[in-house]
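See below for the structure under consideration.
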Amino acid sequence: MIFGELQEAGLVASAVPLSAAAAVGTMEYLDDDGSAGAAVKAEQIADDSDLGGFTTDVPKAGGPSAGKSTATVNPFATNITRTSPATVVWLHDNYEAAEGVSLGRSTLYQHYTDHCTALGQEPVNAASFGKLIRSVFPNLKTRRLGTRGNSKYHYYGIQVKTESTLHFEADQVGGPHQRVRQPANSKGPGSNLPGESEAGEAGVGPELELYFDTAVELPQFPTTVGPAGLEKTTDFSKPYHAHCKDVLKALCRADFQSVAEKWSQFWGVIAAHFRDLFADEDGIRHVDRCDELFFDTLSRTVFTDVLRPMPEDLTKEIRYFAKCMEPWIKTALEGYPAALVERKLVRIRTFSHALRRYTSLNHLSQAAENVLQDEKQTVHMLKDITCIDFGAICAQADLACLCSADFVTLIEVEFKFGLKYGYSLQQWAAWLQAKLLQVVHGEADPQKRARWFLTRWSFYSSLIIRDLTLRSAPSFGSFHLMRLLYDEYLLYLIERIDALGIESLTFVPAGCTRAEVVAFEPYHAEDVSPGP
């Protein structure tokens with residue numbers, strides 16, 4: 001039985017002594033006297049030996065095999081069972097992965113044969129079906145459950161969906177079981193690759209919920225029925241949605257390394273049944289629309305508060321993941337049309353770039369917070385900025401861009417006020433947010449207006465930094481750091497406008513109250529136009 005489970009995990013390709021099973025506590029799933037052990041294992045091996053492409057480890061970027069020619073080969077793309085896409089969709093329509101639940105293997109296979117009969121298809125044999133269902137539900141195990149002399153084989157880790165019409169007898173549905181063995185492909189202490197931590201091995205902990213919005217739900221994907229001219233039974237959106245949801249869960253628990261295997265397994269096995277869909281532009285556009293929803297959800301899940309101090313190890317893992325995303329997806333999509341690969345790479349590169357910038361912004365915020373908490377430093381900053389002739393700066397800026405002098409003066413006064421009264425990092429963030437909201441409020445094209453504000457903000461701040469440089473101001477380094485932080489944070493806010501609309505500027509930064517945010521919005525009190 002151990003051999004079968006190692007094979008279904010893709011870890012061994014040769015036999016192991018049958019006596020090894022007893023050493024790890026498998027007898028709870030056999031007859032009490034163990035007399036059926038050899039027969040059980042023989043049948044288990046017959047059921048699990050058809051795993052073909054699952055006997056090769058997935059290459060992970062940065063791992064020991066990185067840089068070798070084999071690192072670009074998707075190991076899951078070999079020796080897969082070519083079954084009808086309708087069967088994959090049928091499995092997703094009626095079953096779902098579930099811990100601690102099992103279904104009778106014979107009954108499940110009977111339901112499959114009934115499904116094939118209804119479609120007029122020839123069903124595969126039980127062993128090939130075992131390979132197919134494990135490709136759809138990778139963590140599936142086989143258990144022999146029941147009393148002595150009346151035990152039955154069950155698929156463990158799967159349950160019938162509540163909306164399914166399929167029926168299982170009471171003795172064909174198993175509940176939670178004790179002493180469930182650790183998966184054979186689990187990693188032991190010290191087995192992590194560089195950049196990989198133990199965070200992914202556990203569920204979502206309270207500490208991760210500080211950085212990831214685990215409550216975000218992945219919206220349903222558009223169906224391929226209709227636009228692509230396909231039948232309901234070959235709707236790719238269903239298995240693809242289940243796959244993307246699985247990846248989202250892995251990222252929410254910081255299990256970044258598992259994404260490489262999930263991508264390779266899905267595109268090497270499950271998506272391979274839908275290759276006809278990817279042969280034309282309509283199918284590729286459908287996948288791209290699904291990816292747009294998926295990466296938009298990821299953007300709303302990761303870095304809900306970019307100013308919150310993040311552990312250094314988690315930051316390194318996120319940056320490592322951003323670096324590895326492109327080679328991982330290239331490996332998974334080996335052999336697929338170039339047009340599909342290019343669409344995927346555009347989405348991957350955009351999200352990877354955003355991850356790197358968010359981690360940089362988080363690092364800048366922690367450095368800036370140390371400056372803002374130093375009272376002597378803020379006193380020097382206030383003294384140095386008071387010596388700047390803002391009238392001359394506005395006169396120089398008018399040669400390059402037009403901006404309301406009253407609006408510039410308002411920003412100057414409020415900035416000095418913040419330094420004088422020791423704004424926290426979160427209060428400065430709320431102030432910047434309010435300035436941008438003031439600019440885009442009531443505009444027909446808020447994205448365009450926000451970019452207008454960013455270019456002028458950058459130009460004015462560069463003139464101030466130049467003046468501080470010429471004066472050899474003692475606080476030049478602090479101002480330079482603050483300028484970098486403000487530029488990055490404004491860009492982050494503009495990205496949120498693009499993704500979520502102007503309503504995204506009404507959120508309250510952590511550590512700041514809603515009353516403080518409203519107080520920073522001067523358009524409530526007076527109408528000061530930022531300019532043309």
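Computed from heavy atoms alone, side chains included, the values below leave out hydrogens, waters and symmetry copies.
No side-chain donor-acceptor contact under 3.5 Å links Ser128 to the backbone of Asn125. Within the 3.5 Å criterion, the main-chain N or O of Asp255 finds a donor-acceptor partner in the side chain of Ser258. Without hydrogens or angle criteria, Asn362 side chain to Arg308 main chain gives a donor-acceptor distance under 3.5 Å. Between the Ser352 side chain and the Ile348 main chain, no donor and acceptor come within less than 3.5 Å of each other.
With rounding to the nearest 0.5 Å, the separation of CG in Leu485 from CG in Leu425 is 6.0 Å. Between the CG atom in Leu345 and the CG atom in Leu333 there is a gap of 7.5 Å [rounded to 0.5 Å]. Rounding to the nearest 0.5 Å places CG of Leu166 at 11.5 Å from NZ of Lys161. Separation of atoms CG (Leu364) and CG (Asp487) is listed at 10.0 Å; rounding is to 0.5 Å. The distance from atom NZ of Lys330 to atom CH2 of Trp263, rounded to the nearest 0.5 Å, is 12.5 Å. Rounded to the nearest 0.5 Å, atoms CZ (Phe351) and OH (Tyr358) are 8.5 Å apart.
Considering all non-hydrogen atoms of both residues, Gln257 and Tyr320 come closest at NE2-CE2, 2.9 Å. Across all their heavy atoms, Ile270 and Phe274 have their closest contact at O-CD1, 3.5 Å. Nearest heavy atom pair, residue Thr223 against residue Ser237, reads CA-OG, 3.7 Å. Considering every non-hydrogen atom in both Ala254 and Leu314, the closest pair reads CB-CD1, 4.2 Å. Considering every non-hydrogen atom in both Gln433 and Leu493, the closest pair reads CA-CD1, 3.8 Å. The shortest heavy-atom contact between Trp328 and Ala260 is CD2-CB, 3.4 Å.
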N/O donor-acceptor pairs under 3.5 Å from side chains in residues 241-248, not counting sequence neighbours:
residue, atom, partner, partner atom, Å
His241, NE2, Leu218, O, 3.4
His241, NE2, Pro219, O, 3.2
Asp246, OD2, Lys262, NZ, 3.0

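By the ring pair (Phe, Tyr, Trp, His ring centres under 6.0 Å) test, Tyr336 pairs with Trp267, Phe278, sequence neighbours left out. Residues satisfying the salt bridge (charged side-chain N to carboxylate O under 4.0 Å, His left out) test with Arg349, not counting sequence neighbours, are Glu326, Glu342. In this view, Tyr109 and Tyr112, Phe129 satisfy the ring pair (Phe, Tyr, Trp, His ring centres under 6.0 Å) rule, not counting sequence neighbours. Residues passing the salt bridge (charged side-chain N to carboxylate O under 4.0 Å, His left out) test with Asp498 are Arg451, sequence neighbours excluded. In terms of the salt bridge (charged side-chain N to carboxylate O under 4.0 Å, His left out) criterion, Arg319 has no residue partners (sequence neighbours excluded).
In this pair, Phe236 and His286 present their aromatic rings perpendicular. The plane angle is above 60°, beyond the 30 to 60° band.
Ile318 has its side chain within reach of Met310: a pair of non-hydrogen atoms, C-beta onward, lies under 4.5 Å apart. Under the 4.5 Å side-chain criterion, counting only non-hydrogen atoms from C-beta, Thr301 is not in contact with Leu251. Taking the side chain as every heavy atom from C-beta outward, Val259 and Cys324 never approach each other to under 4.5 Å.
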| query | For Tyr492 and Leu361, what are the C-alpha separation, side-chain angles and deciding distance, and is it a side-chain contact (heavy atoms from CB on, under 4.5 Å)? | reply | CA-CA 9 Å; Tyr492 164 74; Leu361 175 56; 3.9 Å; yes
| query | Between Ile133 and Tyr95, does a side-chain contact (heavy atoms from CB on, under 4.5 Å) hold up when you go through it step by step? | reply | CA-CA 10 Å; Ile133 195 170; Tyr95 302 98; 5.8 Å; no
| Are Met325 and Leu355 close enough, and set up right, to give a side-chain contact (heavy atoms from CB on, under 4.5 Å), and what steps lead you there? | CA-CA 11 Å; Met325 288 178 70; Leu355 283 181; 4.2 Å; yes
| request: Determine, stepwise, if the pair Asp291 / Arg343 fulfils side-chain contact (heavy atoms from CB on, under 4.5 Å). | output: CA-CA 9 Å; Asp291 285 340; Arg343 293 281 187 95; over 6 Å; no
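In this structure, the ring of Tyr240 has its center less than 6.0 angstrom from the ring center of Phe221.
Between the side chains of Gln110 and Thr113, at least one donor N or O sits under 3.5 Å from an acceptor N or O. For Arg356 and Ser360, the side-chain atoms include no donor-acceptor pair closer than 3.5 Å.
Between Arg285 and Asp288 there is no salt bridge, since none of the side-chain N atoms of the basic residue sits less than 4.0 Å from a carboxylate O of the acidic one.
Remark: Asp114 CG is packed, more than 12 non-hydrogen atoms of other residues, nucleotides or ligands lying under 6.0 Å away.
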